[in-house]
Every structure is written in structure tokens, then in C-alpha cells.
Amino acid sequence: SEILPDIHVKTPKTPIIGTDEFDLFLDRNHLNEKIYTEYDYETVKKWFLEGELSVNLTKRLKILLKLIEKPLAVRSSSLFEDSTMQPFSGIFETYLLPNNDPDFNERFRQLSDAIKLVYASIFSSNARTYFEAVNYKIEEEKMAVVIQEVVGNEYDGYFYPHISGTAQSHNYYPVAHMNPEDGFAVAALGLGKYVVEGERTYRFSPKYPTLEIISNKDLFKSSQVHFYAVDLKKNHIDLLKNGEDAGLAQLDLYEAEKHRTINHIASVYDPENDRIDPGITSYGPRIINFANILKFEYIPLSKTLQVILDVVKEALGCPVEVEFAVDLNKDSSGRASFYLLQIKPLLGTEDDYKINMDKIE
């Protein structure tokens with residue numbers, strides 16, 4: 001684009017299964033009569049897995065699988081989850097599938113199982129508790145499913161992007177000379193599951209990318225030490241038994257160093273001089289702080305995030321949160337790729353809520 005000429009801004013291939021298929025699935029498998037009164041989540045999951053998807057959907061999914069060879073993320077996009085009134089994320093399940101079994105029928109089984117289990121996750125105890133807390137009827141929830149090609153590359157049988165992250169257009173905890181409107185971003189090496197689960201990530205403001213928010217010592221203590229990748233060595237995966245982690249591997253940072261995926265995102269901590277040297281040429285503990293990108297603009301990540309947040313905020317008319325991934329491999333014109341994975345409204349500021357502790361049990 002003209003606004004961001006030095007980087008490709010893309011979205012991965014993202015087919016969506018509409019909410020009508022969810023209603024159809026409940027009807028054709030006679031689940032409506034029993035799921036609202038069954039509180040054992042394991043039983044509900046088994047019922048859903050035994051159910052059949054519609055003929056039309058089955059046909060389309062098979063066509064899709066013939067066209068997509070990369071790993072797939074299967075996640076929810078529900079009416080309630082993405083509403084501007086009270087969005088919430090992380091309540092429903094997300095499944096990552098290697099999608100590389102030589103047997104086409106096995107690939108199809110994994111995809112349809114993942115879709116059914118995303119449907120079933122409305123009835124998890126986690127989700128039910130949330131529905132009760134916000135006074136929302138579970139019967140009113142409608143579930144669409146997003147199937148998204150995973151961003152990244154293969155390294156020694158593992159598949160992951162160089163960078164995953166989330167960015168918000170509003171920063172509730174600004175420090176130094178930041179304003180709340182400047183927003184903030186959180187980034188990590190590997191799959192976004194690491195970021196979403198709130199593990200040790202690197203936090204920065206896209207407007208002031210060189211500003212260190214914490215001391216070198218604290219940065220060393222709080223730096224990322226492992227990451228997630230899709231495990232391409234796992235062909236047959238059991239989503240029921242192993243849940244969201246079925247198709248994943250958790251790897252140590254030194255694996256990424258062998259894959260040469262941290263060359264531009266890591267630095268080395270020198271404890272004797274309490275100094276951080278960008279790059280990994282010297283000896284010492286590695287720190288994931290994206291120095292070559294945020295300080296020396298190996299790719300224009302902070303500018304890209306600023307522009308994207310502004311555009312999306314303008315379009316939605318409210319503060320927003322985006323989920324993104326970055327592939328640092330550059331094309332012949334020297335441009336890396338920034339992928340926009342998800343956009344949702346960011347809810348409220350602390351001024352919007354008055355909590356009365358006396359009324360909370």
C-alpha cells in the first residue's frame with residue numbers, strides 16, 4: 001500500500017463457517033433437547049464429536065482441504081464474543097492442526113473434529129460461568145467458526161511465525177511520556193497461543209518503540225524462554241484427549257537459535273556491565289526484545305502497527321485490539337510480511353466501571 005510501502009500487509013486465507021451451520025448441527029443431531037441440561041463438559045464434547053456436519057458443509061470443507069496445504073487454526077467467532085457491548089476472548093477453544101497427514105480422510109477428520117469441539121466449547125464450565133456472570137442466556141449464543149491458514153514457515157518439522165502479537169489502540173497503563181491513546185503492543189517469538197496465555201512477552205508502545213519500559217535486569221528476568229510451534233511430526237492427533245495442545249510442541253529458545261529465527265529479534269544480556277547488546281553474535285543469555293526491529297528498523301513494525309490501529313479504530317468507531325503475525329523473510333524487493341489475523345473491539349476504560357466490593361461475595 002502507499003501508506004506502508006516497505007512492508008507487505010496481508011491476511012492469511014480465512015474461510016468462515018456461518019452461524020446457520022451451528023443451528024443446523026444442533027438440529028440435525030438432536031442436541032437441542034439435551035445439551036442445555038447436561039453440565040458434564042466431557043459428555044457434551046463426546047456428543048458433539050459423534051454428531052454429523054451438514055452435507056453441504058462437508059463437501060465444501062473437502063474442497064478447502066484440497067487447496068490448503070499449510071497448518072490450520074480453527075477458532076470461534078461468536079455473536080457474543082465479538083460484540084461491541086461485552087466482547088471477551090479466550091473463553092472458547094482454538095485448535096491448531098498440522099494438516100499434513102498423507103491420508104486425506106485423516107486430515108478431514110481432524111478438521112471436522114476441531115469444528116465440532118469449537119461448537120462444544122460454548123458449553124464448557126468456563127463459558128457457562130461467564131454467561132451467568134454477565135447475565136447472558138447461553139441459548140442465545142450463535143457460533144461461527146473461522147478456519148485460518150497459520151502464518152509461518154517450517155523448520156526441522158516445526159511450523160511457526162517469527163513474531164506473533166497483539167496490539168491495542170488504548171493503553172490503560174501508560175508510563176514516561178506515553179499517552180493512553182498511543183496504545184501498546186505485546187509480541188513474542190512463535191505462535192500466538194504464547195501471547196494470548198499471558199506468558200513472558202515483550203511489551204512496547206508502537207509510538208515510542210525505542211523506549212525501554214523496564215530495567216535491563218528485569219528485562220532479562222522476564223524474557224521469553226520457550227515458544228510454541230505446530231508439530232508437523234504429529235500426524236494422528238487426538239483433540240478430545242489432548243485438547244488445544246494436541247497439534248503443538250513447546251520448544252526452548254535454543255531450538256529457535258538453531259532454526260536461525262531469532263537473529264533479528266534477540267539480544268544478549270551482559271550481566272557484568274548490566275548491558276544489552278542487540279543481535280546474538282556475542283556469548284551470554286538471550287533476550288527476546290526485538291531490538292533490531294524496534295530500534296534499528298530491520299522492518300517497519302511499529303509504524304505498521306500505528307497505521308493499522310488508526311485505520312481499524314476509525315473503521316469500528318471505538319478502541320480496538322488486533323492480533324498479528326510477522327514473517328521476516330523478505331522478498332526480492334526487500335519487504336517482509338505483516339499478517340492481520342483478528343480484529344475486535346476493545347472494551348471500556350477503568351473510568352467506565354465502578355466496582356462495589358461490598359456487594360461481591
Enquirer: A cation-pi test, strictly: NZ or CZ of Lys70 under 6.0 Å from the centre of the six-membered ring of Phe159 and no more than 45 degrees from its axis. Yes or no?
Expert: no

Enquirer: When you measure from the side chain of Asn273 to the backbone of Arg275, do you find a donor-acceptor pair of N or O atoms at a distance under 3.5 Å?
Expert: no

Enquirer: Verify the neighbour count for atom NZ of Lys59: are there more than 12 heavy atoms of other residues, nucleotides or ligands below 6.0 Å?
Expert: no

Enquirer: Measure from the side-chain N and O atoms of Lys313 to the backbone N and O of Ser169, and report whether any donor-acceptor pair falls under 3.5 Å.
Expert: no

Enquirer: Please list all pairs passing the salt bridge (charged side-chain N to carboxylate O under 4.0 Å, His left out) test where one or both residues lie in residues 241-253, with sequence neighbours left out.
Expert: Lys193-Asp245

Enquirer: Identify the residue among Ser333, Ser332, Ser337 that makes a side-chain hydrogen bond (donor to acceptor under 3.5 Å, both in side chains) with Arg335.
Expert: Ser333

Enquirer: Donor-acceptor check, side chain of Asn179 to backbone of Glu181, threshold 3.5 angstrom: yes or no?
Expert: no

Enquirer: Does Lys13 have any salt bridge (Lys or Arg N to Asp or Glu O under 4.0 Å) partners at least two apart in sequence or in another chain, and if so, which?
Expert: Glu149

Enquirer: List the atom of Leu253, the atom of Gln224, and the distance in Å for their closest heavy-atom pair.
Expert: CD2-O, 3.4 Å

Enquirer: Could you check whether any side-chain N or O of Asp231 sits under 3.5 Å from a backbone N or O of Lys233, counting only pairs where one atom can act as donor and the other as acceptor?
Expert: yes

Enquirer: Say whether Tyr339 and Gln148, considering side chains only, have a donor N or O and an acceptor N or O under 3.5 Å apart.
Expert: no

Enquirer: If you look only at pairs with a residue in residues 188-224, which of them pass as a ring-ring contact (aromatic ring centres under 6.0 Å, His included), with sequence neighbours excluded?
Expert: His177-Tyr208, Tyr194-His226, Phe220-Tyr269

Enquirer: Give every residue pair that meets the ring-ring contact (aromatic ring centres under 6.0 Å, His included) criterion with at least one member in residues 275-309, sequence neighbours excluded.
Expert: His264-Tyr298

Enquirer: In the hydrophobic cluster built from side-chain contacts under 4.5 Å, what are the other members alongside Tyr254?
Expert: none

Enquirer: Which residues pass the ring pair (Phe, Tyr, Trp, His ring centres under 6.0 Å) test with Phe25, not counting sequence neighbours?
Expert: Phe48, Tyr119

Enquirer: Cationic tip of Lys62 within the cone over Phe108's six-membered ring, i.e. under 6.0 Å and within 45° of the normal?
Expert: yes

Enquirer: Is there any salt bridge (charged side-chain N to carboxylate O under 4.0 Å, His left out) pair reaching into residues 200-209, and which pairs are they, with sequence neighbours excluded?
Expert: Asp182-Lys207

Enquirer: Is there a donor-acceptor pair closer than 3.5 Å between any side-chain N or O of Ser223 and the backbone N or O of Ile287?
Expert: no

Enquirer: Using a distance-only test with no angle check, is there a side-chain donor-acceptor pair under 3.5 angstrom linking Glu323 and Thr166?
Expert: no

Enquirer: Can you list everything that forms a salt bridge (Lys or Arg N to Asp or Glu O under 4.0 Å) with Glu69? Sequence neighbours excluded, please.
Expert: none

Enquirer: Assigning hydrophobic clusters by single linkage (Ile, Leu, Val, Met, Phe, Trp, Tyr; side-chain heavy-atom cutoff under 4.5 Å), is Phe184 placed with Val312?
Expert: no

Enquirer: Would you check if Val74 and Leu97 make a side-chain contact, meaning some heavy-atom pair closer than 4.5 Å?
Expert: yes

Enquirer: Look at the side chain of Glu38 and the backbone N and O of Asp40, then say whether any donor-acceptor pair between them is shorter than 3.5 Å.
Expert: yes

Enquirer: Take atom NZ in Lys34; do more than 12 heavy atoms of anything else shown fall under 6.0 Å from it?
Expert: yes

Enquirer: Donor-acceptor pairs under 3.5 angstrom involving side-chain atoms of residues 301-311: please list them, not counting sequence neighbours.
Expert:
unit_1: Lys303; atom_1: NZ; unit_2: Ile3; atom_2: O; d: 3.3
unit_1: Thr304; atom_1: OG1; unit_2: Pro300; atom_2: O; d: 2.6
unit_1: Gln306; atom_1: NE2; unit_2: Pro206; atom_2: O; d: 3.2

Enquirer: Only counting residues at least two apart or in another chain, list the ones meeting ring pair (Phe, Tyr, Trp, His ring centres under 6.0 Å) with His259.
Expert: Tyr155, Tyr160

Enquirer: Under the salt bridge (Lys or Arg N to Asp or Glu O under 4.0 Å) test, which residues partner Arg109, sequence neighbours left out?
Expert: Glu106, Asp113

Enquirer: Return the set of residues passing salt bridge (Lys or Arg N to Asp or Glu O under 4.0 Å) with Glu33 (not counting sequence neighbours), or none when no residue passes.
Expert: none

